[in-house]
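Since the structure comes first, as structure tokens, the remarks are kept for the end.
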Protein chains: 2
Amino acid sequence: MAENRNVKEDELYDLAELFKAFGDSTRIRILFALFEKDYAVNDLAEHLNMTQSAISHQLKILKRFKLVGNSREGKSRIYFLADDHVRTIISMGIEHIEE
Amino acid sequence: MAENRNVKEDELYDLAELFKAFGDSTRIRILFALFEKDYAVNDLAEHLNMTQSAISHQLKILKRFKLVGNSREGKSRIYFLADDHVRTIISMGIEHIEE
DNA sequence: TGAATATCTGAACGATTGTTCATATGTTAG
DNA sequence: CTAACATATGAACAATCGTTCAGATATTCA
């Protein structure tokens with residue numbers, strides 16, 4: 001039981017890191033864009049009016065937390081939302097701020 | 001429709017701010033402690049092994065985003081989780097990292 | 001192979017953030 | 001009212017973070 005609590009306690013640090021990944025406007029805008037459709041890096045940069053480099057840096061973080069995945073498509077690399085978990089978390093967040 | 005999109009676009013900044021509130025280990029530990037029971041500020045500080053000041057600063061942030069509420073109880077102020085939304089978001093997050 | 005295109009990456013800089021320290025505010029009991 | 005307790009707050013400092021810039025890596029096609 002005390003053991004179980006410690007496991008949870010350790011997990012909380014990872015949890016904070018996970019939410020930190022959601023907690024940046026650029027990354028949220030990326031995630032929301034991918035909510036609607038898949039994007040190549042350049043298209044994402046254009047769509048969000050940011051440099052390709054900035055987007056790439058943030059995609060790397062999102063990938064580290066398994067919030068997005070990607071696959072090669074010719075010269076481009078197509079990014080997509082990792083799973084419905086991500087969709088649910090974003091949806092819950094939107095519900096909260098819309099209250 | 002274009003109008004609707006802009007509304008969403010603006011909301012995304014608030015959404016990032018909301019997740020930022022979850023994205024700190026101290027605040028997550030506070031939220032998780034309150035997941036289990038209500039706490040006065042001092043008890044929370046003791047429970048988490050942190051100064052009262054640090055906890056108070058973070059509680060202020062959590063309150064700003066309506067993640068916690070409080071009520072006076074004699075000399076103390078008892079903090080509690082604002083609603084089930086918060087519980088759900090935390091639960092979803094834990095599920096994600098446990099995958 | 002070499003040019004063109006697409007993406008990634010490291011260093012650096014400015015901005016933001018969490019904690020500490022000292023102190024202020026608020027509440028209760030004597 | 002005053003002492004004691006509980007919480008809140010402002011300033012300051014160190015650490016973390018996101019963007020830019022320059023250049024590296026990877027893939028395609030002629």
Side-chain angles (χ1 to χ4, degrees), chain A residues 9 12-34 37-82, chain B residues 9 12-34 37-82:
Chain A
E9 181 75 14
L12 293 183
Y13 288 92
D14 297 336
L15 191 54
E17 293 304 309
L18 173 66
F19 283 125
K20 214 175 284 184
F22 285 93
D24 171 74
S25 62
T26 297
R27 289 193 293 269
I28 277 285
R29 287 169 74 225
I30 291 175
L31 291 172
F32 193 74
L34 296 180
K37 63 167 183 150
D38 300 350
Y39 276 94
V41 182
N42 257 330
D43 297 340
L44 211 39
E46 198 176 315
H47 179 64
L48 300 181
N49 238 313
M50 298 191 66
T51 67
Q52 175 271 318
S53 179
I55 298 297
S56 190
H57 276 296
Q58 300 310 325
L59 282 172
K60 192 179 186 181
I61 294 175
L62 293 174
K63 208 172 70 177
R64 183 189 314 149
F65 288 98
K66 301 186 198 302
L67 303 186
V68 304
N70 67 65
S71 66
R72 193 166 270 293
E73 190 96 15
K75 292 185 237 185
S76 305
R77 196 168 276 276
I78 307 297
Y79 279 81
F80 46 84
L81 281 194
Chain B
E9 181 75 12
L12 293 184
Y13 288 93
D14 297 336
L15 191 55
E17 293 304 308
L18 173 66
F19 284 125
K20 213 175 282 182
F22 286 93
D24 170 75
S25 62
T26 298
R27 289 193 292 270
I28 278 284
R29 289 170 74 225
I30 290 174
L31 291 172
F32 192 73
L34 296 180
K37 64 167 183 147
D38 300 349
Y39 276 94
V41 182
N42 257 328
D43 297 339
L44 213 38
E46 198 177 315
H47 179 64
L48 301 181
N49 238 314
M50 299 192 65
T51 66
Q52 175 270 318
S53 179
I55 297 297
S56 189
H57 276 297
Q58 299 310 325
L59 282 172
K60 192 180 185 179
I61 294 176
L62 293 174
K63 207 173 70 177
R64 185 190 311 150
F65 288 99
K66 300 186 198 300
L67 303 185
V68 303
N70 67 64
S71 65
R72 193 164 270 292
E73 191 95 15
K75 289 185 241 186
S76 304
R77 195 168 278 278
I78 308 297
Y79 279 81
F80 47 83
L81 282 194

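Per chain, numbering begins at 1; letters A, B, ... match sequence-line order.
Residue A:L31 holds its CG atom at 10.5 Å from CD of A:Q58, rounded to the nearest 0.5 Å.
A residue-by-residue look at B:N42 and A:G74 shows that B:N42 has its nearest nucleotide of DNA chain D further toward the 5' end. Residue whose closest nucleotide on DNA chain C sits further toward the 5' end, between B:S25 and A:N70: A:N70. Annotation: of the two residues near DNA chain C, B:K75 and B:M50, the 5′-most nearest-nucleotide partner is B:M50.
Closest to the side chain of B:Q58, from the set C:dG18, D:dT19, C:dC8, is C:dG18.
If you check distances only, the side chain of B:S53 does reach the base of D:dT9 with a donor-acceptor pair under 3.5 Å. Counting distance only, with no hydrogens placed and no angle test, the side-chain atoms of A:Q52 and the base atoms of C:dA6 include no donor-acceptor pair under 3.5 Å. You won't find any donor-acceptor pair under 3.5 Å spanning the side chain of B:H57 and the base of D:dT7, going by distance alone. Contact of A:T51 with D:dT19 (side chain to base): no donor-acceptor pair of N or O atoms is detected under 3.5 Å.
Looking only at side-chain heavy atoms (C-beta outward), A:Y79 and A:N70 come within less than 4.5 Å of each other. Looking at A:N42 and A:I55, their side chains never come closer than 4.5 Å, going by heavy atoms from C-beta outward.
Looking at every heavy atom in both residues, B:I28 comes nearest to A:L12 through CG2-O, 3.6 Å. Of all non-hydrogen atoms in A:R29 and A:L48, the two that sit nearest each other are NH2-O, 3.1 Å.
For the pair A:L62 CG and D:dG18 C1', the computed distance is 13 Å after rounding to whole Å. The separation between B:K60 atom NZ and C:dT19 atom C1' is 15 Å, rounded to whole Å. To the nearest angstrom, P of C:dT5 lies 16 Å from CZ of A:R72. Distance, A:R27 CZ to D:dC17 P: 9 Å, rounded to whole Å. The separation between A:R29 atom CZ and D:dG18 atom C1' is 13 Å, rounded to whole Å. Whole-Å rounding puts the A:I55 CD1 to D:dC21 C1' distance at 16 Å. Atom P of nucleotide C:dC8 and atom CZ of A:R77 are separated by 6 Å, given to the nearest angstrom. For the pair B:I61 CD1 and D:dT9 P, the interatomic distance rounds to 12 Å; values are reported in whole Å.
Taking 4.0 angstrom as the limit, A:Y39 places none of its side-chain polar atoms (N or O) nearer than this to OP1 or OP2 of C:dA6.
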